[in-house]
Amino acid sequence: MPFPLKSYLCILYKNSTFYDYMEYNFKDIENKWQKIWKDTKPFKADNTSTKPKYYVLDMFPYPSGAGLHVGHPLGYIASDIMARYKRHKGFNVLHPMGYDSFGLPAEQYAIQTGQHPAVTTEQNIARYREQLDKIGFSFDWDREVRTSDPSYYKWTQWIFIQLFNSWYNPRNNKAEPIESLIKIFETEGFKGLTHDILTGDIEKELEAFTPEQWKNFDEKKRSDVLMNFRLTYLGEAYVNWCPALGTVLANDEVKDGVSERGGHPVERKLMKQWSMRITAYAQRLLDGLDTIDWTESLKESQRYWIGRSEGTSLKFQIENSDLHLEVFTTRPDTIFGVSFITIAPEHEYVDTITTAEQKAAVLDYVTKAKNRSERERQADVTKVSGVFTGAYVIHPFTGKKVQIWVGDYVLAGYGTGAVMAVPGHDERDHRFAKHFGLPILQVVEGPDVQEQSYDAKEGKCINSDFLNGLEVKAAIKKAIEEIEKRNLGKGKTNYRLRDAVFGRQRYWGEPIPVYYKDGIPHVMPENELPLVLPEVDKFLPTEDGEPPLARAKDWKYKGQYDYEWTTMPGWAGSSWYFLRYMDAKNDKAFADKKLTDYWQNVDLYIGGSEHATGHLLYVRFWTKFLFDRGFIAVDEPAKKLINQGMIQGMSEKINRLISVEKNPDDNNKRLIYIYKGSVLEEHNIPLAIKNVFISSDIIDKSSKFDYSTDKYANVNNVSNSVLDIKKHLEWWNEDSAAAFICEGGYWLNNEFISFNNNGSNIFKTTPEVEKMSKSKHNVQTPDDICEKFGADTLRLYEMFLGPLEQSKPWNTNGITGVSGFLKKLWRLFYQTGSFVVSEDAPTKPELKTLHKTIKKITEDIERFSFNTSVSNFMICVNELSDLKCNKRAILEPLLVLISPYAPHVAEELWEKLGHKGSIAFAAFPEFNEAHLVEDNFNYPISFNGKMRFNLELAANLSVQEIEKLVMEAEQTHKYLEGKQPKKVIIVPKKIVNIVM
RNA sequence: GCCUCUGUGGUGGAAUUGGUAGACACGCAGGACUUAAAAUCCUGUGACCUCAACAGUCGUGCGGGUUCAAGUCCCGCCGGAGGUACCA
């Protein structure tokens with residue numbers, strides 16, 4: 001076989017160093033610099049620097065078995081650009097990475113395979129690390145953290161103990177050691193519900209006691225009382241129980257009534273659980289939002305989740321009883337519109353107040369309501385259900401009897417679990433009243449309320465005794481005054497935020513450092529931490545339904561006291577990890593105070609918006625707590641936060657012909673119809689071919705084809721929706737017996753059989769935006785891209801795709817443009833065929849290009865507009881190529897500009913320019929306005945706002961001079977059509993507009 | 001329903017304080033180099049009208065408004081994405 005000499009030479013070159021110099025060989029370059037960075041650790045953050053500090057943090061990943069796909073690095077690349085940019089700008093940068101390595105998937109996998117979760121976690125981490133390294137991130141790996149490592153979770157447990165030993169003192173509005181509460185009990189006792197030291201929105205009645213009584217309480221009693229105040233506590237509450245996962249879930253882990261992970265049904269269940277009293281911080285979590293630069297949508301989510309509402313509590317005396325029902329309302333102005341009271345099916349008085357006649361009906365209803373799953377309950381929200389208890393309350397102002405109903409539209413967990421129903425002015429009450437034929441009263445002026453409630457807080461009160469004539473807002477005030485005066489209740493602020501359930505009936509999580517002695521929970525002494533996760537024979541609950549940790553043999557504190565068997569939830573470790581990075585190896589403290597004082601908090605935090613009401617709320621809570629207790633100096637974890645958009649998958653579908661039409665003239669042939677342009681052509685293919693695929697560009701939906709789109713191409717075998725037949729057949733061998741119909745013929749077993757109509761042999765697929773998943777063959781890993789185009793191209797391309805915060809589908813259609821750009825950059829240094837850089841002084845246009853770029857790039861980075869900086873680099877390199885510029889004075893600063901984005905190629909060329917050290921710490925080029933000053937400005941001349949022509953004028957002309965020259969211009973006369981301009985608007989160096 | 005974001009060529013997207021809409025890139029079309037392909041380079045490319053040029057008309061989801069001038073500001077609609085939902 002003849003072998004062309006040229007190709008032969010090429011291969012020779014490829015193996016010689018000479019070849020490497022000629023072409024941009026990303027593989028060698030990237031391997032080389034990744035190794036150097038690994039060996040020399042240039043990105044180690046300095047704990048004692050005199051430089052200003054800058055802390056850039058990514059939300060650390062959960063190391064799943066699937067590895068990273070191209071969506072993960074999007075935020076990491078942006079933060080890495082920021083980190084590198086700040087180093088150039090003279091900052092001491094902390095840019096760490098770690099793993100959120102406790103979690104359900106590893107445990108589920110362990111249940112299926114018996115493989116210990118620690119083992120799979122370790123493997124997954126190794127894979128993640130390998131993938132991350134290939135992208136060239138400037139992480140300080142010496143500070144890596146893993147939440148599942150005992151040296152890390154020792155401190156998670158330590159923080160748990162601090163929370164247990166603290167309470168929230170509303171007098172000082174901060175968390176304090178529990179001792180200060182005990183002191184109050186010893187001197188003042190506790191005055192019951194009206195006492196101002198009540199915390200955490202305890203709705204339960206807690207009996208008052210005197211200092212003497214406190215002194216006489218036994219240990220158990222004292223423990224029980226204190227439990228109502230501790231910031232982490234063991235309490236009975238309705239929880240989200242997920243039978244399929246065998247564990248409880250926090251509110252943010254439940255979406256649409258099913259578990260966020262796995263989508264399993266969730267029920268409400270009364271259980272004794274460890275919880276975090278985040279509600280104590282509700283107001284401060286709300287207020288803090290005004291001090292941080294986070295996206296508005298995220299802050300809104302948190303505000304809504306916290307759900308502050310102002311209103312009043314109000315007691316209704318139950319008829320023929322000394323009990324009273326307490327409700328919470330934000331509309332006390334409508335008190336005269338109350339036509340019944342509704343209580344939740346779980347309300348503690350349900351049994352007590354129900355009359356004998358109604359007993360059966362109520363019991364039936366309550367049982368049904370309680371057994372309904374959360375999903376069912378939420379699904380038919382508009383479906384009204386309820387039952388009359390037979391009991392009445394006495395209206396405190398009118399003295400009339402008011403019926404008490406049970407209805408599941410009232411939630412047990414919010415407020416008091418009871419509402420005063422005002423159907424005239426509340427949609428839900430209205431629905432209920434209509435359904436059961438209860439009276440509807442109008443007490444605010446407005447549209448008639450019989451058919452539809454009038455909920456707006458506007459209008460004058462009517463039919464309301466002493467409130468008559470008042471505007472709603474004034475009436476609310478007046479009503480509260482009156483209620484307080486008569487001792488019926490008091491003005492009150494409620495929050496939707498619930499305490500966070502903290503225990504999980506699961507294995508793969510931090511053990512809770514608690515043991516039980518005589519039925520009293522005790523936290524372990526701090527110096528005995530960590531409480532290491534014990535080995536178990538199976539990762540399943542015990543036969544008695546106890547959590548997996550109950551299986552651990554001889555696992556008892558001091559050999560005799562049972563440990564707590566639940567473990568901490570996934571968000572425990574991530575609620576303080578930003579602090580651990582400051583001092584990752586410390587075994588004396590979670591972090592040295594000196595270092596937390598130095599690093600303060602995160603300057604830029606990048607991550608997904610899905611953590612809005614979970615992680616991002618908890619981490620703020622813990623930060624505020626640690627601040628209150630004096631452990632750290634800041635009370636917010638991150639000053640600025642950016643949500644990177646999600647990257648969706650782009651599938652490429654192959655259209656499959658279903659209809660078979662035999663050729664009547666030849667029974668062995670099958671007829672194929674092809675639109676070539678608008679002409680319908682008939683062609684034949686052998687009938688024996690079973691699978692027939694058809695290129696998307698010749699499909700005409702009105703044609704005789706029936707086709708399906710159930711077949712996927714592997715996206716790696718498609719570029720710009722053109723299928724690479726050869727690669728496809730290598731990947732999916734079965735299809736070698738299939739026909740791929742194109743405009744001009746068809747492919748069969750990688751051979752093209754022409755129809756002799758001069759049509760194309762390109763086979764096109766149909767792209768579709770879908771979630772990335774294995775079954776859709778549209779998962780793209782960063783490794784594939786690094787292998788094919790290099791890490792620098794991947795980094796640039798992910799940024800080039802569009803604004804960081806916007807969600808977008810991943811497709812590689814534009815990637816050749818970015819890779820071409822890097823080649824073009826490289827060629828600037830090789831214009832003569834070898835590496836040559838001129839030491840000559842740069843020309844004016846060269847300096848203009850450089851400084852224009854410096855200005856743009858600096859502005860782009862400062863406003864996180866990374867996509868536009870890639871465009872600006874392209875413009876710069878295009879211009880320098882046109883100018884044939886190879887001057888050191890231009891190219892050197894350009895490399896520094898580019899190095900945050902494409903660090904490998906920047907380092908390589910920097911070294912070739914003769915520098916010894918890394919480019920990573922070279923000073924960022926300073927912008928000099930002088931180079932952009934032009935003698936002339938090309939004015940757009942518009943008439944009535946419509947741009948007509950350009951006129952080049954000296955840039956320093958006055959407005960009068962400009963007007964004179966413009967009016968004299970030949971083209972101006974043409975557009976004036978002999979008319980006299982009414983007005984001439986001149987904005988120097990911007991625009992001229994002539995108004996006719 | 002409510003909240004937040006969003007709507008610009010065939011495609012991804014630019015236009016930072018109201019001032020030349022469509023930068024940059026992909027794709028497409030044509031050309032150069034090549035036996036050929038790849039790679040690379042050059043030219044053109046919003047739509048309509050025109051053989052073409054010059055010119056012209058339209059054009060940033062729709063309808064109004066403010067302004068010398070609106071993708072950008074205001075009012076009212078419509079579509080898309082995400083979050084959230086008996087929270088009294």
Side-chain angles (χ1 to χ4, degrees), chain A residues 4 6 23 255-256 295-301 303-305 307-309 311 327-331 334 342 377-378 380-384 407-411 413-422 426-429 431-432 494-498 609-610 612-613 643 645-646 648 719-722 767 797 800-803 805-809 811-818 820-821 823-824 827 856 859-860 862-863 865 867-868 870-875 878 881 938-950 974 981-987 989-996:
Chain A
K6 234 177 180 172
E23 290 290 327
K255 293 259 145 81
D256 299 324
T295 58
E296 203 42 47
S297 69
L298 206 146
K299 288 196 205 179
E300 266 311 307
S301 303
R303 284 193 192 108
Y304 189 77
W305 192 262
R308 180 193 157 102
S309 63
V327 302
F328 173 74
T329 178
T330 56
R331 296 293 302 273
T334 61
T342 316
R377 198 182 59 78
Q378 287 183 11
D380 39 43
V381 156
T382 47
K383 222 187 206 169
V384 177
D408 71 353
Y409 79 96
V410 177
L411 304 179
Y414 184 76
T416 56
V419 300
M420 58 176 225
V422 185
D426 183 283
E427 200 204 326
R428 297 150 302 189
D429 296 339
R431 245 184 350 236
F432 197 85
N494 242 331
Y495 299 90
R496 214 168 67 104
L497 185 70
R498 298 270 72 91
S609 57
E610 66 271 24
T613 49
N643 293 128
M646 264 220 310
Q648 296 135 298
S719 113
N720 286 315
S721 295
V722 174
Y797 187 60
F800 189 60
L801 228 40
E805 298 178 71
Q806 210 167 292
S807 284
K808 56 228 147 191
N811 72 70
T812 50
N813 288 353
I815 203 164
T816 52
V818 170
F821 155 73
K823 288 179 192 165
K824 208 165 171 180
R827 276 202 303 276
K856 293 249 185 203
E859 285 168 359
D860 286 345
E862 298 284 354
R863 67 193 170 103
S865 174
N867 56 325
T868 49
V870 180
S871 299
N872 285 317
F873 285 132
M874 288 173 171
I875 294 168
N878 287 347
S881 299
N938 199 17
Y939 278 92
I941 314 294
S942 37
F943 292 78
N944 288 337
K946 203 165 275 182
M947 209 285 280
R948 292 302 182 177
F949 63 93
N950 284 306
K974 189 178 136 196
K982 284 194 195 124
K983 204 173 176 187
V984 180
I985 309 274
I986 293 167
V987 186
K989 290 205 225 172
K990 274 254 164 79
I991 198 167
V992 175
N993 190 16
I994 297 168
V995 187
M996 297 196 294

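Letters A, B, ... are given to chains in the order of the sequence lines, protein chains preceding strands, and every chain is numbered from 1. Side chains included, hydrogens not; waters and symmetry mates left out as well; all remaining heavy atoms used.
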Between Y414(A) and R496(A), is there a donor-acceptor pair closer than 3.5 Å when you use the side chain of the first and the backbone of the second?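 Between the backbone of R496(A) and the side chain of Y414(A) there is no qualifying donor-acceptor contact (under 3.5 Å).
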Using a heavy-atom cut-off of 4.0 Å across all strands, would you classify [X] as base, sugar-phosphate, or nothing?
| X | answer |
| --- | --- |
| R948(A) | sugar-phosphate |
| K299(A) | nothing |
| P803(A) | sugar-phosphate |
| Q806(A) | sugar-phosphate |
| S807(A) | nothing |
| V410(A) | base |
| S309(A) | sugar-phosphate |
| Y304(A) | sugar-phosphate |

How about M420(A) and T334(A): do any of their side-chain heavy atoms sit closer than 4.5 Å?
yes
Heavy-atom closest pair (K808(A) atom, G802(A) atom, distance to 0.1 Å) is NZ-O, 3.6 Å
- Can you find a donor-acceptor pair, distance only, under 3.5 Å between E859(A) side chain and U16(B) base? yes
Does R303(A) get its side chain close enough to the base of C3(B), under 3.5 Å, for a donor-acceptor pair?
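Checked by distance alone, the answer is no.
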The contact string for nucleotides 24-29 of chain B, one letter per nucleotide 5' to 3', using protein heavy atoms under 4.0 Å with B, S and - for base, sugar-phosphate only and none, comes out as BSSS--
Checklist entry - Is a salt bridge present between E859(A) and K856(A), judged by a nitrogen-to-oxygen distance below 4.0 Å? => result no
RNA chain B in dot-bracket form (Watson-Crick or G-U pairs under 3.5 Å, [ ] crossing, | inter-strand) is (((((((..(((......[....)))((((((.......))))))(((.......)))..(((((..]....))))))))))))....
